[in-house]
**Student:** 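This structure is in structure tokens; I'll ask about it shortly.
For clarity, every value in this text was computed on a predicted model and none was experimentally measured.
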Amino acid sequence: MTLRPNSEDDQTLSLNFWILERVLRFVAVWPTDFNSYLPKYLRHQYLLSKLINLCYMLFWLFVCVHIAAFHIVSIVTIDLSYDELFLTLITTSIYSIMIPLAAYLRLYEDNVRQLYEFATRYFRKRSAAGVYYISISSSIRFANRYQFWWLVICVLGTMHWAIYPILSQERTLPFPCWYPVDVQQSPMYELAYILQVLGQLQVSLVYGLAGALFMVFVFMACSQFDMLCCSLTNIRQSAMILNGRYRTELRYHQATQEIDTRGYVLKEVFREDLDNVMPTKTASKLDQLSPSQKYLFELSPELTCVLEDCIKHHLILLRFCQLLESCYHPYILLKLFQILLLLCFLAFMATVESLSTMKLINVLEYFMLTMTELYLYCFLGHILMNQGLKVGDALWKSPWHLCGASYRRRMLIILMNAQRPVRLTGLKLYELNLETYYTEVFGPVTSGMW
């Protein structure tokens, strides 16, 4: 257990989103306002800015489309060996699917911004006051770290193809394919090489940034579910702090209570500074109950107030998960289709006996990257579903059996909402969880054996 959050953890989600936004604009997935980059006498010419943005977008679209189109022509017109054919098919599928993926990111830009604005406006910075609490700073640091390494893996996994011709000192392209001109002569070779390098950079950034945005939103939602579960588990201590007359008992609980962090995703909690926690008055009104129906009467208003706040927090999280599902379910289906297609190509290539050592390494590399990407998405969907289900368990751990009917009636609201699992799907056809991962990977193998 961490005693005190680090001052470096006071960063917000805005900087993280700002960096992702700038890179998305760099590859023309999101539009750019070029007014600020123009000379002073040309500024505020919005038609000119839109024209430059359109040309910039068409340039990056040409980079992607021409690689996919020339590979398709190679498949149709050139007599390729089996290993060359499937390597060409893999490259074609990657660039062909990236076109609708980039279109999706552009069309759903407002939905992604709505998710970001919803998170910054409604997400809690920490759980309710108690003997310990969970802070949003932990999830921000965790998301930043894994987002960085995810982007590094995506860039390295694609850009090394551009370096191979330089290391081999051969006048070849990263992806040899049909061209309408002789690309072995200068300056066409240099131009084709630069366009293919830009295409690889575009692939790594578009795929990587789409996954990074999804990763950040899921991690933030999981952290909020942890905060809610922490608030529900410590609801009696929160009521004591609101009451303001239980300092000695709270210190005793903080000194003797053994905190189990296994139920939290990041397993990082912080001690509450009981000396600086200011008690607040509750505005909640108890239902008109007879004294015989009320237990813990001295804390009934505070318990009701804290539980009502937890109910609001839970409804906010369910709303965010609905927005996340509606925003990403077309993208998830597209990614599952692409990954399944690549796995089929790679599985067939592994059976080719004439595969060279270098090409075998390339196949294994593609396979590892594809499996990692599929596992990442399925794992994120699975962990978010588990986070939603454990809210009810956290509520049962609270001292509900000592509380009165007013508390228990409000408790039913959370229990009914927690019974509906939080699901991320691909166009409502595939559900993101580990069962889907095992089905996608081992299902074709098992069916082939039978």
**Student:** Could you pull out all residues at least two apart from Phe70 that satisfy ring pair (Phe, Tyr, Trp, His ring centres under 6.0 Å)?
**Tutor:**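 With sequence neighbours excluded, Phe70 shows a ring pair (Phe, Tyr, Trp, His ring centres under 6.0 Å) to His66, Trp178, Tyr179, given in chain and number order.
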**Student:** Could you walk me through whether Met215 and Leu380 pass the side-chain contact (heavy atoms from CB on, under 4.5 Å) check?
**Tutor:** CA-CA 7 Å; Met215 186 189 308; Leu380 291 175; 4.3 Å; yes
**Student:** State, with a plain yes or no, whether a side-chain heavy atom of Tyr122 is found less than 4.5 Å away from one of Phe320.
**Tutor:**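 Answer no - side chains too far apart.
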**Student:** Using every non-hydrogen atom in the two residues, find where Asp226 and Ile134 come nearest and quote the distance to one decimal.
**Tutor:**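 It is O-CD1, 3.7 Å.
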**Student:** According to the side chain to side chain donor-acceptor pair (under 3.5 Å) rule, which pairs have a member within residues 320-330, sequence neighbours left out?
**Tutor:**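 Sorted result for residues 320-330: Glu325-Thr425, Glu325-Lys428.
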**Student:** Give the intermediate values and the outcome of side-chain contact (heavy atoms from CB on, under 4.5 Å) for residues Thr32 and Ile52.
**Tutor:** CA-CA 9 Å; Thr32 303; Ile52 296 175; over 6 Å; no
**Student:** For Leu317, does its backbone N or O pair with a side-chain atom of Gln224 as donor and acceptor, under 3.5 Å?
**Tutor:**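 Checking the backbone N and O of Leu317 against the side chain of Gln224, no donor-acceptor pair under 3.5 Å is found.
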**Student:** Of all heavy-atom pairs between Thr233 and Ala394, which one has the smallest distance, and what is that distance?
**Tutor:**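 Where Thr233 meets Ala394 most closely, the heavy atoms are OG1-CB, 3.9 Å.
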**Student:** Can a donor-acceptor pair be found between the side chains of Ser49 and Asp33 at a distance below 3.5 Å?
**Tutor:**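 Asp33 and Ser49 do have a side-chain donor-acceptor pair below 3.5 Å.
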**Student:** Are Met227 and His313 packed together at the side-chain level, in the sense that at least one heavy-atom pair is separated by less than 4.5 angstrom?
**Tutor:**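 Heavy-atom side-chain distance check passes, below 4.5 Å.
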**Student:** Which pairs with one or both residues in residues 199-219 pass side chain to side chain donor-acceptor pair (under 3.5 Å), sequence neighbours excluded?
**Tutor:**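 Listed by first then second residue: Tyr95-Gln200, Tyr207-Gln338.
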**Student:** Does any non-hydrogen side-chain atom of Leu424 lie less than 4.5 Å from one of Val218?
**Tutor:**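 Yes, at least one pair of side-chain atoms sits under 4.5 Å.
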**Student:** Under 4.0 Å between a Lys/Arg side-chain N and an Asp/Glu carboxylate O for Glu109 and Arg113?
**Tutor:**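 Result for this pair is yes, salt bridge flagged.
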**Student:** State, yes or no, whether a side-chain contact exists between Arg106 and Met57 at a heavy-atom distance under 4.5 Å.
**Tutor:**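 The answer is yes; the side chains approach within 4.5 Å.
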**Student:** Among residues at least two apart in sequence or on other chains, which ones pass salt bridge (Lys or Arg N to Asp or Glu O under 4.0 Å) with Arg22?
**Tutor:**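 Result, salt bridge (Lys or Arg N to Asp or Glu O under 4.0 Å) vs Arg22: none returned.
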**Student:** What's the shortest heavy-atom distance between Leu341 and Ser93, and which atoms?
**Tutor:**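 So the two residues come closest at CD2-CB, 3.8 Å.
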**Student:** With distance as the sole test, does Thr436 use its side chain to make a donor-acceptor pair with the main-chain N or O of Leu432 at under 3.5 Å?
**Tutor:**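 Pair absent, no side-chain N/O of Thr436 close to backbone of Leu432.
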**Student:** Distance check, rounded to the nearest 0.5 Å: Phe86 atom CZ versus Ser81 atom OG?
**Tutor:**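 So the gap between those two atoms works out to 11.0 Å.
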**Student:** Classify the angle between the aromatic ring planes of Phe214 and Tyr377 as parallel (below 30°), tilted (30 to 60°) or perpendicular (above 60°).
**Tutor:**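 Because their plane-to-plane angle lies in the 30° to 60° range, the rings of Phe214 and Tyr377 count as tilted.
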**Student:** Ring centres of Trp60 and Phe26 under 6.0 Å apart?
**Tutor:**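 Yes, they do, as the ring centres are separated by less than 6.0 Å.
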**Student:** From Lys335 NZ over to Leu340 CG, what is the distance, rounded to the nearest 0.5 angstrom?
**Tutor:**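 So the NZ of Lys335 and the CG of Leu340 are separated by 13.0 Å.
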**Student:** Does a side-chain heavy-atom distance below 4.5 Å link Phe17 with Thr120?
**Tutor:**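 Contact flag for Phe17/Thr120 side chains = no.
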**Student:** Is it true that a side-chain atom of Arg423 and a backbone atom of Asn433 form a donor plus acceptor pair closer than 3.5 Å?
**Tutor:**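 No, the answer is negative, given that no donor and acceptor are paired below the 3.5 Å cut-off.
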**Student:** Please give me the minimum heavy-atom distance between Glu272 and Gly130, naming the atom from each residue.
**Tutor:**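 Looks like CB-O, 2.7 Å.
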**Student:** Go through it in stages, so that I can follow the logic: the residues are Phe175 and His71, the test is side-chain contact (heavy atoms from CB on, under 4.5 Å), and I'd like the CA-CA distance, side-chain angles, deciding distance and then a yes or no.
**Tutor:** CA-CA 9 Å; Phe175 298 106; His71 275 77; 3.6 Å; yes
**Student:** Cation-pi between Arg126 and Tyr133: NZ/CZ under 6.0 Å from ring centre and within 45° of the ring axis?
**Tutor:**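 Yes; both conditions hold, so Arg126 lies above the ring face of Tyr133.
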**Student:** Roughly how far, to the nearest 0.5 Å, is CG of Leu151 from OH of Tyr146?
**Tutor:**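 Separation between the atoms: 14.5 Å.
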**Student:** Taking the side chain as every heavy atom from C-beta outward, state whether Ile316 and Phe118 have any pair of such atoms under 4.5 Å apart.
**Tutor:**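 Ile316 vs Phe118: side chains touch.
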**Student:** Could you check Ser138, Ser139, Ser223 and say which one makes a side-chain hydrogen bond (donor to acceptor under 3.5 Å, both in side chains) with Glu268?
**Tutor:**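 That would be Ser138.
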**Student:** Could you check whether any side-chain heavy atom of Cys222 comes within less than 4.5 Å of a side-chain heavy atom of Leu384, counting everything from C-beta outward?
**Tutor:**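 A side-chain contact under 4.5 Å exists here.
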**Student:** I'd like to check the ring pair (Phe, Tyr, Trp, His ring centres under 6.0 Å) partners of Tyr375; sequence neighbours left out, ordered by chain and number.
**Tutor:**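 In terms of ring pair (Phe, Tyr, Trp, His ring centres under 6.0 Å), with neighbours along the sequence ignored, Tyr375 is linked to Phe379, Tyr437.
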**Student:** For residues Arg420 and Asn417, determine if any side-chain heavy atom of one lies less than 4.5 Å from a side-chain heavy atom of the other.
**Tutor:**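 Arg420 reaches Asn417 side chain to side chain.
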**Student:** Once ring pair (Phe, Tyr, Trp, His ring centres under 6.0 Å) is applied, do any residues pair with Tyr104, and if so which ones, sequence neighbours excluded?
**Tutor:**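 Scan of Tyr104 (ring pair (Phe, Tyr, Trp, His ring centres under 6.0 Å), adjacent residues dropped) gives Tyr108, Tyr331.
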**Student:** Is a donor on one side and an acceptor on the other found under 3.5 Å between the side chain of Ser127 and the backbone of Ser231?
**Tutor:**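 Side chain of Ser127 to backbone of Ser231: no pair is present.
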**Student:** Rounded at 0.5 Å granularity, tell me how far CG in Leu115 sits from CG in Asp110.
**Tutor:**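 The CG atom of Leu115 sits 11.5 Å away from the CG atom of Asp110.
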**Student:** Begin with the C-alpha distance, continue with both residues' side-chain angles, and end with the deciding distance and a verdict on ring pair (Phe, Tyr, Trp, His ring centres under 6.0 Å) for Phe270 and Tyr132.
**Tutor:** CA-CA 5 Å; Phe270 303 100; Tyr132 66 91; over 10 Å; no
